[in-house]
Every structure is written in structure tokens, then in C-alpha cells.
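Working notes for the structure below.
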Amino acid sequence: MTSTPATTTAPSAATETVSVVPAAETADGTGLHGPVTDWFAEHARDLPWRRPEAGAWGVMVSEFMLQQTPVSRVLPVYEQWLARWPRPADLAAEAPGEAVRAWGRLGYPRRALRLHAAASAIQERHGGDVPREHAQLLALPGVGEYTAAAVASFAYGQRHAVLDTNVRRVFARAVVGRQYPPNATTAAERKLARALLPRDETLAARWAAATMELGALVCTARGPECVRCPIATQCAWRLAGCPAHEGPARRTQTYAGTDRQVRGKLLAVLREAASPVPQVVLDAVWDEPVQRARALDGLVADGLVEPLSGGRYRLPQT
DNA sequence: TATGCGTGGTC
DNA sequence: TGACCAAGCAT
């Protein structure tokens with residue numbers, strides 16, 4: 001596809017790409033579609049899960065890994081993962097502990113367990129193919145509202161409102177006129193996202209990817225680069241003078257000294273171990289015994305760690 | 001709806 | 001330098 005010149009700011013000015021589609025057919029009462037999708041055509045990153053050969057499984061793997069984890073850290077793990085388990089059936093055939101091990105230091109290792117469980121469910125319920133229907137995607141372990149919409153949209157080109165933190169921020173600014181969206185996704189946001197979704201399926205999928213990318217690259221949380229924004233002149237927040245966020249600040253997540261940190265240390269030892277780890281080795285990672293025991297119990301309860309006889313532990317084999 | 005859940009980079 | 005931030009999900 002040929003991209004329009006960067007100077008294009010109005011839908012009517014474009015002579016090719018999606019901007020030629022009349023606004024009436026795209027539900028674009030805002031005039032945002034053309035500029036945003038034109039910008040995306042020119043500036044979209046070449047990410048492996050966006051290439052055609054990634055397939056639906058590649059898209060799904062990337063979405064799991066990208067939940068709360070930056071692209072730069074996902075890239076190498078994603079490549080290794082897809083090389084080792086190119087189909088859901090390949091992952092389903094492995095022990096869940098191997099998924100946890102391969103997850104490495106991406107964080108939130110329960111995602112690895114859920115991705116493994118999702119692969120098993122895909123194998124059992126869908127013959128090894130990532131399902132196309134939103135409801136079936138949503139029923140998979142670890143797949144919530146966002147991920148179901150993202151896979152349906154990015155992998156299968158369907159028309160869904162894809163509401164991630166980037167899109168929510170872009171809408172909050174460009175449309176609502178606030179610096180940040182609410183802490184939790186609201187009904188009003190879902191309604192707005194549906195209203196802005198282009199009627200056409202292909203355009204809707206492109207819009208979803210484009211708004212996400214705009215939030216990730218330009219309309220960022222801390223330092224938005226409005227000079228590079230294709231809709232800066234229409235942005236409600238800018239037009240209002242960039243008012244500072246009012247309302248409750250997001251609760252800052254503490255980490256040092258929490259169970260989360262202890263769990264991370266314990267699991268790091270188990271990931272690196274080729275054979276079952278004695279209790280005394282795990283005891284060395286944290287000196288407070290009550291918290292240490294609580295963290296280990298939590299990992300076992302979550303299915304991330306398997307206790308063996310003789311006070312030894314390993315990543316789950318079943 | 002509020003909370004717990006990893007890890008590391010940025011300013 | 002410590003608070004903030006990064007394509008959420010499950011409970």
C-alpha cells in the first residue's frame with residue numbers, strides 16, 4: 001500500500017488509501033480515521049507477530065506476552081517460543097513447567113501457565129486451530145476481553161472494539177479531552193470505542209491496530225509527542241489546553257519486600273534448575289521464613305511449582 | 001470493583 | 001533515586 005504524504009491532515013485531502021472512503025461508511029463522525037490509519041501505514045513497526053506468517057497462534061502468543069510487558073522484552077522470547085512451539089499442539093504436548101521455564105524473565109509467569117492451558121484447550125476443543133469466534137476465544141484460559149478482541153481483530157481481521165491501555169489513553173485525550181482514562185475500563189469507554197469503530201471489517205481491524213500503535217509510539221502516558229501526532233489539531237485534550245489529570249492517582253504498585261518479589265526469587269531458582277531443588281536451596285533466597293513459606297505455598301497453589309517428596313520442588317511436570 | 005500478580009527500563 | 005510505567009487477567 002502506498003502511504004499518503006505526511007502533510008495530509010484532512011480525510012478529503014487523501015487520494016489513496018482508506019481516506020478515500022466516505023466518512024458515512026466508516027462511522028467517522030470525528031474525522032479521525034483517515035489521519036490515524038494513514039499515519040499507521042507510514043509508521044507502523046515491523047513486529048514479527050504482524051507479519052502474515054505469524055498466523056493466529058503467533059498473534060495469540062504475542063498478546064499473552066505483551067500483557068503488561070514491553071515489546072522490547074517480548075521480542076526475543078517470542079522468537080524462541082514460536083521456533084520451539086510453532087503450533088498450539090506443540091506446546092500442549094509439553095509439560096507446563098517447560099512453558100514456565102521458557103517464559104524466562106518476562107514476569108507474571110502465571111501467563112505462561114495459562115498460555116499452556118490455552119494451547120491444550122485449543123487442541124481439545126478446536127482441533128488444534130485457534131478459534132475465530134470471540135466467545136470461543138474468551139473462554140480460553142488467560143484470554144480476557146482485550147485479548148479475545150485483539151486476536152479476532154489482528155489475526156482474523158474481524159470487527160471488534162480493541163480496548164487496551166493505549167487505545168483508552170488515545171480516546172481519553174483525542175475525544176474526551178482528558179489526560180488519562182479512568183483507572184478501570186468503563187461502560188462509557190466501551191460505548192465510545194464501538195461508536196468509533198469503522199463499519200467495514202477490514203477498516204475496523206486497521207483502525208484498532210492504528211490507534212494502539214499511536215498510543216504506544218506518540219500519545220504515550222508520560223511524554224506525548226504531539227508534534228508527531230496526526231490528530232493533534234483535532235485533539236480535545238489539546239484544544240482544552242492540556243488540563244492536568246484530576247481525580248485519584250493510580251495506586252502505585254510497591255514491589256520491594258512483597259510476596260511478589262519473593263515468588264520471583266523462588267521461581268528464578270527453579271527455572272534455572274535442571275533437577276528438583278531441595279528446600280534448603282530455596283530457603284537461601286529470602287531470610288524471613290514466614291513470608292518465604294507463604295510465597296512458596298502460593299506458587300504451589302497457583303500450579304507454578306510442584307512439591308515432591310523429601311522437601312524438594314520443581315516446575316510442574318503435569 | 002479492588003487487589004494480587006514479575007520484571008526491568010526510564011527520568 | 002524511587003515513583004512511574006509497560007498490548008491484562010482472575011478472583
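So you know, we letter chains A, B, ... as the sequences are listed, proteins then strands, and number each from 1.
Going from atom CE of Met60(A) over to atom P of dG8(C) covers 16 Å, rounded to whole Å. Counting to the nearest Å, the P atom of dC9(C) and the CD atom of Glu63(A) are 9 Å from each other. Across the protein-nucleic acid pair, Leu66(A) atom CG and dA7(C) atom P stand 9 Å apart, rounded to whole Å. Between the C1' atom of dC5(B) and the CG atom of Leu113(A) lies a distance of 13 Å, rounded to the nearest Å. Atom OH of Tyr78(A) and atom P of dA6(C) are 23 Å apart (whole Å). Distance OH (Tyr146(A)) to P (dA6(C)): 13 Å, rounded to an integer number of Å. We find that CG of Asn183(A) is positioned 13 Å from P of dA6(C), with the value rounded to whole Å. Look at CG on Leu267(A): it is 8 Å from P on dG6(B), rounded to the nearest Å.
Contact annotation: Tyr255(A) reaches the phosphate of dT7(B) (side-chain N/O to OP1 or OP2, under 4.0 Å). OP1 and OP2 of dG9(B) both lie 4.0 Å or more from every side-chain N or O belonging to Arg73(A). Side-chain N/O atoms of Gln68(A) include none lying less than 4.0 angstrom from OP1 or OP2 on dA6(C). For dG6(B), neither phosphate oxygen OP1 nor OP2 lies less than 4.0 angstrom from any side-chain nitrogen or oxygen of Thr69(A). Between Arg263(A) and dG6(B), a side-chain N or O to OP1/OP2 separation shorter than 4.0 Å is present. When the side-chain nitrogen and oxygen atoms of Thr252(A) are compared with OP1 and OP2 of dA3(C), none of them lie within a distance under 4.0 Å. Taking only side-chain nitrogens and oxygens, Arg111(A) never comes nearer than 4.0 Å to OP1 or OP2 of dA6(C).
Contact of Ser72(A) with dG9(B) (side chain to base): no donor-acceptor pair of N or O atoms is detected under 3.5 Å.
No engagement by Val167(A) is indicated, since no non-hydrogen atom pair under 4.0 Å with the nucleic acid exists. Within 4.0 Å (heavy atoms only), Leu106(A) reaches at least one base atom of the nucleic acid. Among the heavy atoms of the strands lying under 4.0 Å from Leu47(A) is at least one base atom, whether or not backbone atoms are also near. Within the nucleic acid shown, Gln261(A) has no heavy atom closer than 4.0 Å to any nucleic acid atom. Residue Arg105(A) is classed as a sugar-phosphate contact, given heavy-atom separations below 4.0 Å to backbone atoms only. Residue-level contact check: Trp103(A) touches neither bases nor backbone, having no heavy atom under 4.0 Å from any strand. Ala150(A) comes within 4.0 angstrom of nothing in the nucleic acid, heavy atoms only. Residue-level contact check: Arg168(A) touches neither bases nor backbone, having no heavy atom under 4.0 Å from any strand.
For the pair Arg173(A) and Trp237(A), the cation-pi test (distance below 6.0 Å, angle within 45°) is passed.
Between Glu145(A) and Arg190(A) there is a salt bridge, since at least one side-chain N of the basic residue sits less than 4.0 Å from a carboxylate O of the acidic one. Between Glu201(A) and Arg159(A) no salt bridge is recorded (no basic side-chain N to carboxylate O distance below 4.0 Å). With salt bridges taken as basic N to acidic carboxylate O contacts below 4.0 Å, one links Asp46(A) and Arg51(A). Remark: Arg87(A) engages Asp90(A) in a salt bridge, criterion side-chain N to carboxylate O under 4.0 Å. For Glu98(A) and Arg84(A), the salt-bridge test passes: some basic side-chain N is under 4.0 Å from an acidic carboxylate O.
Comparing the same atom, C1', in dT1(B) and in dA6(C) gives a spacing of 23 Å after rounding to whole Å. The separation of dC4(C) from dT3(B), taken at their P atoms, amounts to 16 Å, rounded to a whole angstrom. A distance of about 23 Å separates the P atoms of dG8(B) and dC9(C), rounded to the whole Å. When the C1' atom is compared between dT11(C) and dA7(C), the two are found 22 Å apart, to the nearest whole Å.
Distance from the side chain of Asp259(A) is smallest to dC5(B) among dC5(B), dA7(C), dC9(C). Side-chain proximity of Arg222(A) to dG4(B), dT10(B), dC9(C): nearest is dT10(B). With distances taken from any side-chain atom of Pro70(A) to the nucleotides dG8(C), dA6(C), dA7(C), the minimum falls on dA6(C). Closest to the side chain of Arg260(A), from the set dA7(C), dG8(C), dG6(B), is dG6(B). Taking only side-chain atoms of Arg110(A), from C-beta outward, the nucleotide of dA7(C), dC5(B), dT10(B) with the closest atom is dC5(B). Checked against dG6(B), dC9(C), dA7(C), the side chain of Glu213(A) finds its nearest nucleotide in dA7(C).
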(message) Assess the residue pair Trp103(A) and Arg271(A) against the criterion (side-chain contact (heavy atoms from CB on, under 4.5 Å)); give the C-alpha distance rounded to whole Å, side-chain angles, the decisive distance to 0.1 Å, and a yes or no.
(response) CA-CA 9 Å; Trp103(A) 197 255; Arg271(A) 270 200 313 266; 5.8 Å; no
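Mapping Thr220(A) and Leu140(A) onto DNA chain C by nearest heavy atom places Thr220(A) closer to the 5' end of the strand. Annotation: of the two residues near DNA chain C, Val143(A) and Asn166(A), the 5′-most nearest-nucleotide partner is Asn166(A).
Within the model, atoms CZ of Phe171(A) and CD of Glu189(A) stand 9.5 Å from one another, a figure rounded to the nearest 0.5 Å.
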